[in-house]
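Numbering of residues begins at 1 and proceeds along the displayed sequence.
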Amino acid sequence: ASAAWAADISRQLRAGATLRGALVTVIPSELPLARATADLRRSLARGGELCTVLGGLQPDSSHLDLVRSVLLASAAVGGPAAEPLDRAAATLRGRAADLEERAAQSAQARLSARVMTLLPIGALTFLVAGDPGVRAVVTSPSGFVLLILGGVANVAGWWWMGRIVKAHEWVS
């Protein structure tokens with residue numbers, strides 16, 4: 001969403017709009033980003049100082065922070081802002097592509113984590129329901145302790161696999 005917003009602002013600038021005018025007129029297509037930038041557009045339309053208004057924008061993501069930083073630098077330094085905004089948009093698109101690639105690469109691991117967590121529970125349920133010998137072992141004190149230990153190991157494995165699979169979100 002931030003990449004599309006930066007690209008839209010850049011198009012307006014290349015069409016001859018001022019940075020202030022582009023920021024006021026370009027409304028992001030994504031509703032959360034449109035809400036996050038509504039105060040920015042309102043303050044600029046009322047004549048607020050460009051650097052002050054941009055500095056007051058509280059980004060809710062690193063993507064919006066990148067666009068805000070580029071806009072703030074362009075407002076402070078001056079000069080053509082379209083090229084830096086295009087580069088920021090390309091960077092954000094690259095980040096999004098990397099995240100999607102990591103999600104695709106980790107799909108097998110996520111499926112394996114679900115299977116390895118749910119299969120023992122399903123197999124135990126099936127065996128307890130169908131075999132009186134297994135039922136007797138599970139209801140004995142030592143069997144109950146083993147059942148609890150197995151459950152704890154299963155939950156710990158589920159938690160650990162979740163950490164490994166979600167590690168792609170931490171990599172930047």
Side-chain angles (χ1 to χ4, degrees), residues 1-10 23 26-43 53-74 84-172:
S2 296
W5 185 52
D8 290 345
I9 293 170
S10 175
L23 286 170
V26 175
I27 300 172
S29 58
E30 299 276 333
L31 189 57
L33 184 58
R35 286 182 183 151
T37 58
D39 288 339
L40 169 90
R41 287 188 303 281
R42 194 175 309 114
S43 296
V53 172
L54 284 169
L57 178 65
Q58 298 298 319
D60 58 350
S61 70
S62 62
H63 305 298
L64 182 54
D65 189 42
L66 174 65
V67 175
R68 182 189 69 90
S69 298
V70 170
L71 289 169
L72 191 56
S74 297
L85 282 169
D86 283 338
R87 289 182 184 181
T91 299
L92 291 173
R93 285 188 198 102
R95 285 182 186 177
D98 287 346
L99 285 174
E100 289 172 0
E101 179 67 21
R102 288 183 194 125
Q105 295 295 329
S106 67
Q108 178 67 37
R110 287 193 309 272
L111 179 62
S112 294
R114 285 188 188 111
V115 168
M116 290 174 63
T117 301
L118 296 175
L119 187 62
I121 296 168
L124 180 64
T125 303
F126 179 72
L127 288 172
V128 167
D131 189 354
V134 173
R135 208 172 313 133
V137 170
V138 169
T139 56
S140 71
S142 60
F144 184 73
V145 168
L146 290 175
L147 183 66
I148 295 299
L149 289 174
V152 168
N154 197 22
V155 168
W158 168 78
W159 175 79
W160 186 252
M161 287 184 284
R163 279 185 53 111
I164 291 170
V165 170
K166 289 181 181 154
H168 75 276
E169 295 172 1
W170 294 55
V171 179
S172 52

- Message: Taking side-chain hydrogen bond (donor to acceptor under 3.5 Å, both in side chains) as the definition, give me every residue that meets it alongside E101, ordered by chain and number, with sequence neighbours left out.
- Response: Q105
- Task: Could you list the residues that satisfy side-chain contact (heavy atoms from CB on, under 4.5 Å) with S61, not counting sequence neighbours?
- Result: H63, L64
- Message: My understanding is that only residues two or more places apart in sequence, or in another chain, count here; which of them pass side-chain hydrogen bond (donor to acceptor under 3.5 Å, both in side chains) with D39?
- Response: R42
- Which residues satisfy the side-chain contact (heavy atoms from CB on, under 4.5 Å) test with P28, sequence neighbours excluded? W5, L33, A34, T37, R41
- Task: Check A89 against A6 and note the closest heavy-atom contact, atom names and distance.
- Result: CB-CB, 4.1 Å
- Message: Nearest 0.5 Å, please: how far is CG in L92 from CG in L66?
- Response: 5.0 Å
- Item | Any donor-acceptor pair under 3.5 Å from T139 side chain to A136 backbone | yes
Quiz: residues 152-161 side-chain donor-acceptor pairs under 3.5 angstrom, not counting sequence neighbours:
residue	atom	partner	partner atom	Å
N154	ND2	T117	O	3.1

- Query: Residues in salt bridge (Lys or Arg N to Asp or Glu O under 4.0 Å) with R35, at least two apart?
  - Reply: none
- Task: Taking the side chain as every heavy atom from C-beta outward, state whether V138 and L124 have any pair of such atoms under 4.5 Å apart.
- Result: yes
- Return the minimal non-hydrogen interatomic distance between L57 and A36, and the atom names on each side. CD1-O, 3.5 Å
- Got a sec, which residues hit salt bridge (Lys or Arg N to Asp or Glu O under 4.0 Å) with D131, two or more places apart in sequence or on another chain? none
- Query: Roughly how far, to the nearest 0.5 Å, is the OG atom of S140 from the CG atom of L147?
  - Reply: 10.0 Å
- Query: For R87, what residues pass the side-chain contact (heavy atoms from CB on, under 4.5 Å) criterion, not counting sequence neighbours?
  - Reply: E83
- Nearest non-hydrogen partners of A1 and E30, listed with the distance: CB-CG, 3.1 Å
- Across all chains, not counting sequence neighbours, the side-chain contact (heavy atoms from CB on, under 4.5 Å) partners of L72 are C51, L54, R68
